Amino acid sequence: MAPDDGWLERLRLELAWFTGQPLLRSRGAGAILRFQHVRPRRSGAFQPLRQHEITPDFLDRAIRALKRWNYEFLGMDEVCRRAVTLPEKRRFVALTFDGASKDLISFAYPVLARHAVPFTLYIPTAFPDGVGEAWWLGLEQVIARESRISLMMGDREQRFTVAENAAKRALFSFLERWLRSLPPADLSIAIADLCTRYRIDLAALSREASMNWEDLARFAADPLVTIGSATVNYPGLANMKDAAALREMTMGKAVAEAAFRREVRHLAFPFGDRSSFRRSHVVMAEQAGFVSAVSTIPGIVDTEGRTNLHALPRIAWNGRVRSLRMMRVLVSGVAFAPVKPTGSATS
């Protein structure tokens with residue numbers, strides 16, 4: 001859902017609800033929901049990352065609603081089985097969480113444990129190691145604090161004046177898109193330059209926001225939790241050479257397997273939108289030994305092999321949409337085009 005047409009999308013979903021479509025018909029076998037941050041509301045007018053947040057209260061209400069609607073909660077192993085077998089009467093939902101953010105253990109896990117529902121956590125292993133770069137947090141802090149900002153973009157120094165919150169949000173969106181378009185090494189240089197100029201300790205900021213391996217061991221000890229990989233450094237794979245992208249996948253899997261002493265079967269493409277990975281990465285995910293790979297491209301999961309297990313769609317739930325009516329429309333599948341058969345990633 002793009003920021004510019006978000007209100008049109010919400011209107012379309014509300015109209016679908018009031019016409020009764022999700023109650024009368026549905027598509028596919030079920031849906032995978034993707035969450036990123038779960039934490040209480042924060043004060044402050046400039047919060048460009050709020051769109052990636054929900055509150056613990058909303059997570060609780062969503063789970064209660066899905067139970068009331070008679071959805072079956074599944075882990076990713078069972079999702080993969082349902083995707084290749086004959087349809088079953090009861091629809092499913094899978095809850096997935098991206099990243100190793102500390103708020104997941106502080107605020108999401110108590111809600112999930114209370115409801116005793118399975119879920120999947122995708123981990124970029126550099127972050128619990130304390131060496132991951134949460135560059136988006138550094139960018140947010142610089143723009144929040146400063147009204148005049150300069151940085152190197154390519155071989156030129158660019159200067160911006162952003163006194164009002166609207167201008168700050170626009171600049172954050174612009175610079176986030178630019179940084180995400182860079183190869184990982186160039187992105188690291190660019191964000192280091194910006195943070196150094198404005199005295200932001202990006203390494204400390206990243207460590208403070210991320211779980212460590214001790215935190216993650218709590219998840220690993222819970223039989224309802226599936227641990228998946230989100231590579232090592234959470235890079236945009238589309239900006240990398242194929243050998244480096246494959247190394248990110250295989251190393252992320254190997255590090256997680258060594259840490260948890262179990263097979264890690266499921267991958268989340270970093271960021272997961274259409275600009276962040278290519279068809280070749282779908283093939284790589286299978287070659288790297290993953291049973292499944294999830295995107296953030298919206299859609300539902302169908303049965304009998306019609307949905308590619310290495311390009312599974314997910315409905316990204318965020319802070320812009322807080323209506324349970326909309327959730328019911330989306331998980332019903334009526335908002336999405338019918339799934340087209342894809343076959344194996346290697347076919």
Side-chain angles (χ1 to χ4, degrees), residues 1 13 16-17 20-36 54 58-98 108 111-112 115-122 223-226 228 265-269 272 282 285 290-318 321 323-345:
M1 188 185 303
L13 296 177
W17 165 261
Q21 292 182 54
L23 303 180
L24 297 174
R25 61 189 178 93
S26 59
R27 290 189 180 130
I32 306 172
L33 293 176
R34 182 249 193 176
F35 304 96
Q36 194 165 350
I54 61 168
F58 183 85
L59 179 62
D60 178 74
R61 291 192 297 116
I63 293 173
R64 291 179 186 275
L66 289 162
K67 287 181 175 180
R68 193 165 62 247
W69 302 331
N70 200 34
Y71 275 80
E72 186 174 5
F73 290 80
L74 301 182
M76 285 306 300
D77 286 326
E78 182 62 12
V79 168
C80 292
R81 189 191 72 79
R82 296 281 183 96
V84 298
T85 56
L86 293 173
E88 299 191 15
K89 289 184 178 180
R90 192 175 176 191
R91 292 178 64 76
F92 73 79
V93 67
L95 308 181
T96 66
F97 297 81
D98 283 9
V111 176
L112 295 158
H115 283 284
V117 293
F119 64 95
T120 300
L121 178 65
Y122 293 104
L224 291 174
V225 180
T226 300
R265 295 159 51 84
H266 307 285
L267 171 73
F269 293 118
V282 175
F290 290 104
V291 173
S292 78
V294 293
S295 69
T296 58
I297 298 170
I300 46 85
V301 179
D302 213 335
T303 57
E304 301 178 78
R306 285 188 287 266
T307 304
N308 191 332
L309 291 181
H310 294 90
L312 287 168
R314 283 191 297 173
I315 298 168
W317 204 259
N318 58 46
V321 181
S323 164
L324 292 177
R325 292 198 302 265
M326 294 186 195
M327 177 177 280
R328 190 163 193 184
V329 172
L330 288 170
V331 297
S332 75
V334 299
F336 306 113
V339 175
K340 296 179 180 179
T342 56
S344 167

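Computed from a predicted model, the values in this text were never measured in an experiment. Numbers for residues simply follow the sequence, beginning at 1.
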Steps toward side chain to side chain contact (heavy atoms under 4.5 Å, CB included) verdict (Val291, Met76): CA-CA 9 Å; Val291 173; Met76 285 306 300; over 6 Å; no
Residues Leu112, Val117; criterion side chain to side chain contact (heavy atoms under 4.5 Å, CB included); working and verdict: CA-CA 6 Å; Leu112 295 158; Val117 293; 4.0 Å; yes
Asp98 and Arg314: CA distance, side-chain angles, deciding distance, side chain to side chain contact (heavy atoms under 4.5 Å, CB included) verdict: CA-CA 12 Å; Asp98 283 9; Arg314 283 191 297 173; 2.8 Å; yes
Criterion salt bridge (charged side-chain N to carboxylate O under 4.0 Å, His left out) on Asp77 and Arg81, from CA distance to verdict: CA-CA 7 Å; Asp77 286 326; Arg81 189 191 72 79; over 6 Å; no
Test side chain to side chain contact (heavy atoms under 4.5 Å, CB included) applied to Val301 and Arg82, step by step: CA-CA 9 Å; Val301 179; Arg82 296 281 183 96; over 6 Å; no
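Annotation for Leu330 and Trp317: closest pair CD1-CZ3, 3.4 Å, computed over non-hydrogen atoms. The two residues Ala31 and Ile315 have their closest heavy-atom pair at CB-CD1, 3.9 Å. Here the closest non-hydrogen pair linking Ala285 and Leu267 is CB-CD2, 3.8 Å. Shown here for Ala268 and Tyr122, the closest heavy-atom pair between the two residues is CB-CG, 3.4 Å. Heavy atoms only, all atoms of each residue included: His310 and Phe269 are closest at O-CE1, 3.5 Å. The nearest pair of heavy atoms linking Gly228 to Thr120 is N-CG2, 4.5 Å.
Taking CE from Met327 and OH from Tyr71, the interatomic distance works out to 10.5 Å, rounded to the nearest 0.5 Å. Separating the CG atom in Leu121 from the CZ atom in Phe35 is a distance of 13.5 Å, to the nearest 0.5 Å. Atom CG in Leu66 sits 8.0 Å away from atom CG in Leu324 (nearest 0.5 Å). Note that the NE2 atom of His115 and the CG atom of Leu224 stand 13.0 Å from one another [nearest 0.5 Å]. In this structure, the separation between CZ on Arg64 and CG on Leu59 is 11.0 Å, given to the nearest 0.5 Å.
Using the six-membered ring where Trp is involved, Phe97 and Phe119 have ring planes that are perpendicular, over 60° apart on the 30 and 60° scheme.
Remark: the backbone N or O of Val331 is paired with a side-chain donor or acceptor of Arg91 at under 3.5 angstrom. Distance alone, capped at 3.5 Å, is enough to place a donor-acceptor pair between the Ser295 side chain and the Leu312 backbone. Proximity of a side-chain donor or acceptor of His266 to a complementary backbone N or O of Val294 within less than 3.5 Å is not detected. Although no hydrogens or angles enter the test, the distance criterion places a donor-acceptor pair under 3.5 Å between the side chain of Thr96 and the main chain of Leu33. Here the side chain of Thr307 pairs a donor or acceptor atom with the backbone of Asp302 at under 3.5 angstrom.
Ionic pairing of Glu88 and Arg90 is not present here: no N-O contact between side-chain nitrogen and carboxylate oxygen is shorter than 4.0 angstrom.
The closest side-chain heavy-atom distance from Met326 to Val329 is not below 4.5 Å.
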